[in-house]
There are 2 protein chains.
Amino acid sequence: MIECSKCQRVESIMKAGFVRGKQRYLCKDCNYFFTLPSAQVPTKRKRHQTTIIDIARELGVSNSTVSRALHGHPDISPDTKKAILEAAIQLDYQPNQLAYSLVKSRSNTVGIIVPEFLTQFFPNVIVGAQGVLSRAGYHLMIMQSDESYETEVGNTRALLANRVDGLIVSMSHETNNYEHFQAFEKRGVPVVYFNRVCREIGTYKVVVNDYQGAFRAVEHLIANGYRRIAHLAGPRNLVISQERLRGYTEALQKYGLPVLPELTIHGDLTVEKARIYGRYLLELDHPPDAIFAVNDPTAIEILLLARAKGLRVPEQLGVVGFSDDSIAMHIGNGLTTVKQPTNLMGQTAAELILKLISEDEDTYPAETQVLETELIIRGSSVRGGR
Amino acid sequence: MIECSKCQRVESIMKAGFVRGKQRYLCKDCNYFFTLPSAQVPTKRKRHQTTIIDIARELGVSNSTVSRALHGHPDISPDTKKAILEAAIQLDYQPNQLAYSLVKSRSNTVGIIVPEFLTQFFPNVIVGAQGVLSRAGYHLMIMQSDESYETEVGNTRALLANRVDGLIVSMSHETNNYEHFQAFEKRGVPVVYFNRVCREIGTYKVVVNDYQGAFRAVEHLIANGYRRIAHLAGPRNLVISQERLRGYTEALQKYGLPVLPELTIHGDLTVEKARIYGRYLLELDHPPDAIFAVNDPTAIEILLLARAKGLRVPEQLGVVGFSDDSIAMHIGNGLTTVKQPTNLMGQTAAELILKLISEDEDTYPAETQVLETELIIRGSSVRGGR
DNA sequence: AACGTATCCGCAAACGTTTCCGATATTTTT
DNA sequence: AAAAATATCGGAAACGTTTGCGGATACGTT
């Protein structure tokens, strides 16, 4: 009944234990152990994507020939090339990027990690980056860390596993450890940081001149007669917070105004914290007459708080934000804000990463590109004269 | 000087033409043609990512054993498993997802194509989808068609080449041909359409009850005494436009108001067109007293136009939008709008695609999930009494 | 005619995994 | 103690590409 898979004999077969739940046999003649091949369960019909091999078989040529035809390699006659291309579209061939990437050890994909997706800022950057990358034949693998260090590490692991050729990243505000980013550079995968950068790593960065933007914003408030200017700052560990704080401080100093510690208060960029700290500021015994907020959502929250308290803006309270979110133009009489070139920032980061990918020597010196900001003056900060 | 690579003789070597620019030699003895192996240009030092094979070699085991240790396969002793895991972290091993996907012919990635990135809507959907997908161990490959049919086709090609396991898509408004989407289903890759769906394809969709949302919006306007209600509609080929138009029309009919063709005007969802058509509407001899816009950006543009013309909202003009963008809450006295469950829409689409991926039989019946909307009533549409 | 050259194509290795199945060694059962 | 079962491991094929190099012609030249 059972025949030896070597000698085809039937009489010399005996059972010989179990392997992985399957009966095992021994042919006494051949001294050969074997199990019966598992009955092919034909439930899952394998959906076949047509491959280069299919085309080759169809035309009776080798796969190398097909590959060459598909890539414009010179070593091929016009006739076969034409035939192969026709067969390719006739069989609806779609190249397998995975196999390609495996052999070339290059994925033509760059990863980007952003903290969140809900303000305008990061989507705008992504649009800018995607433009130049897709023109260069690269794809973008977008991940969001959700402002969590843990998921950020998970993101990097996924991108590493997918063998991205480069990484563009703006860190979560929880991030104080940079090993997961350095893992890329250790493997020769270039990294470009933008917006949320850190000082500890000296590599390629593209940022906005936060200091100057903040300085001008506060200077503008002073020019409009505000004298007791508070700063709703960002998380202490972020360079953007530090730089904007520095701009705030130095502008006050330049015009001889006191820098009062109680008027600088660190939040976490969210409106929830802004509501709490903003209320605190406005309910001080000696409240500020203007607030420079670290970003637009928090500035808007201040605006709403002021409205709720019956404070007139800009007469009793001046407000300036940062980023020029699309809401800024429309809220109240408009929110004065420091506009960042978001799209350009994405483009710049993308161009930088492309340059780093092509010159895979590390000859290229680390640099940080600083983009300029623009102060957009609206109703929230200009009071009549003075 | 030149020695045969077969018999090592030197004397019987003669030149024999050129191949690809390289001198070719013939050994008379062996009758063997050969060229000199190209001098290894050692410029590009190959950066090696440590592989399973490295670990195997390090420990003197086979790669199958390493693979088993890394995946919790039972056929392995605790000792070797421990040793392998330690070697893996010591060598800083990162699995190669590409090779994995190649052999499993499954990428653990689903693609998503959206028309744009600049309104809140699609990022919100993406956040929702990404949540459930990442919990299920899947990654999201995000692409934007930029409202262009061409780039949409390019996007699908890229996703196909990357062998995504499923596709979630909201079509560009240029799209009238669906072959590039059907290519996925032809290959057994499930597709879920959302928001911008078409009637021609009967597959899995998740949409919002646009009809009902529009109906209620217009009903609300009527209840607030508006009688000459215009509709700034979307592109004719989009189902969402058609459904919202239908809701508008039927609401008018229900309350015995005439449906005037000159008060329905089709735009393309952009503010630029909205500005033109909105101005046209407001400058009619007999202008409308309310406008129901197909989305929030265009509704806001109407609001701005009204403000510029000195029209009082809501007294002289009622306005209702669609989507509840984050600006809607803040502009003027607030924009009444039909809120869409964007995050939920992403979640639903993702859950659906996961279900379709797992049951790779086509047993699962095509269905379209309809989510409910909510009318958010704000200042732009409620006038005192009547 | 004889040789040098150009053109075109196939073979096979490599990329990094997974997985089936056979081979031992070890333990348990009878 | 022989036989049966179990526990571990290795070999090798497979996934779909690319590519270096050799082989076989065809096409020139003298």
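In the text below, chain A, chain B and the rest are named by the order of the sequence lines, each starting its count at 1.
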Roughly how many Å is it from [atom1] in [X] to [atom2] in [N], rounded to a whole number?
{"X": "B:H73", "N": "C:dC21", "atom1": "NE2", "atom2": "P", "result": "12 Å"}
{"X": "A:I53", "N": "C:dG10", "atom1": "CD1", "atom2": "P", "result": "14 Å"}
{"X": "B:Y100", "N": "D:dC15", "atom1": "OH", "atom2": "C1'", "result": "13 Å"}
{"X": "A:D54", "N": "D:dT17", "atom1": "CG", "atom2": "C1'", "result": "13 Å"}
{"X": "B:I52", "N": "C:dT18", "atom1": "CD1", "atom2": "C1'", "result": "8 Å"}
{"X": "A:I84", "N": "C:dC9", "atom1": "CD1", "atom2": "P", "result": "7 Å"}
{"X": "B:H71", "N": "C:dT18", "atom1": "NE2", "atom2": "C1'", "result": "8 Å"}
{"X": "A:N162", "N": "C:dT17", "atom1": "CG", "atom2": "P", "result": "13 Å"}

Of all the choices, [options], which nucleotide is nearest to the side chain of [X] once you look at every atom?
{"X": "B:N63", "options": "C:dT17, C:dC11, C:dC9", "result": "C:dT17"}
{"X": "B:I76", "options": "D:dC9, C:dT17, D:dG20", "result": "D:dC9"}
{"X": "A:S64", "options": "D:dG16, C:dA12, C:dT18", "result": "C:dA12"}
{"X": "A:V103", "options": "C:dG10, C:dC8, D:dG16", "result": "D:dG16"}
{"X": "A:L102", "options": "D:dC9, C:dC15, D:dC15", "result": "C:dC15"}

Quiz item: Under the side-chain hydrogen bond (donor to acceptor under 3.5 Å, both in side chains) criterion, do A:H48 and A:D54 qualify, and how do the steps go?
Solution: CA-CA 10 Å; A:H48 186 69; A:D54 295 324; 2.7 Å; yes
Ignoring backbone atoms, test whether [X] places a side-chain nitrogen or oxygen under 4.0 Å from the OP1 or OP2 oxygen of [N].
{"X": "B:K104", "N": "D:dA14", "result": "no"}
{"X": "B:T80", "N": "D:dC9", "result": "yes"}
{"X": "B:K81", "N": "D:dT8", "result": "no"}
{"X": "A:T51", "N": "D:dG16", "result": "no"}

Quiz item: Between A:S67 and B:V66, who's closer to the 5' end of DNA chain D by nearest nucleotide?
Solution: B:V66
Self-check item: 5′-ward residue of the pair A:P95/B:T65 relative to DNA chain D
Solution: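 The residue whose closest nucleotide sits nearer the 5' end is B:T65.
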Practice problem: State whether B:E86 and B:K82 are salt-bridged, where the test is any N-O pair (Lys NZ or Arg NE/NH1/NH2 against Asp/Glu carboxylate O) under 4.0 Å. | Solution: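 A salt bridge links B:E86 with B:K82.
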Self-check item: Whether B:S358 side chain and B:L354 backbone form a donor-acceptor pair below 3.5 Å
Solution: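 Here the side-chain-to-backbone pair exists.
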Exercise. Return yes if the base of C:dC15 and the side-chain atoms of A:S101 contain a donor-acceptor N/O pair under 3.5 Å, otherwise no.
Key: no
Quiz item: Considering only heavy atoms and no angle criterion, is a donor-acceptor pair shorter than 3.5 Å present between the side chain of B:R68 and the base of D:dG10?
Solution: yes
Quiz item: What is the ring orientation for A:H180 with A:Y149, classed by angle as parallel under 30°, tilted 30 to 60°, or perpendicular over 60°?
Solution: perpendicular
Practice problem: Answer whether the closest heavy-atom distance between the side chains of B:L140 and B:V110 falls below 4.5 Å. | Solution: yes
Quiz item: Given side chains that start at C-beta, do those of B:Y204 and B:I168 come closer than 4.5 Å, heavy atoms only?
Solution: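 Side chain of B:Y204 against side chain of B:I168, heavy atoms only: no contact under 4.5 Å found.
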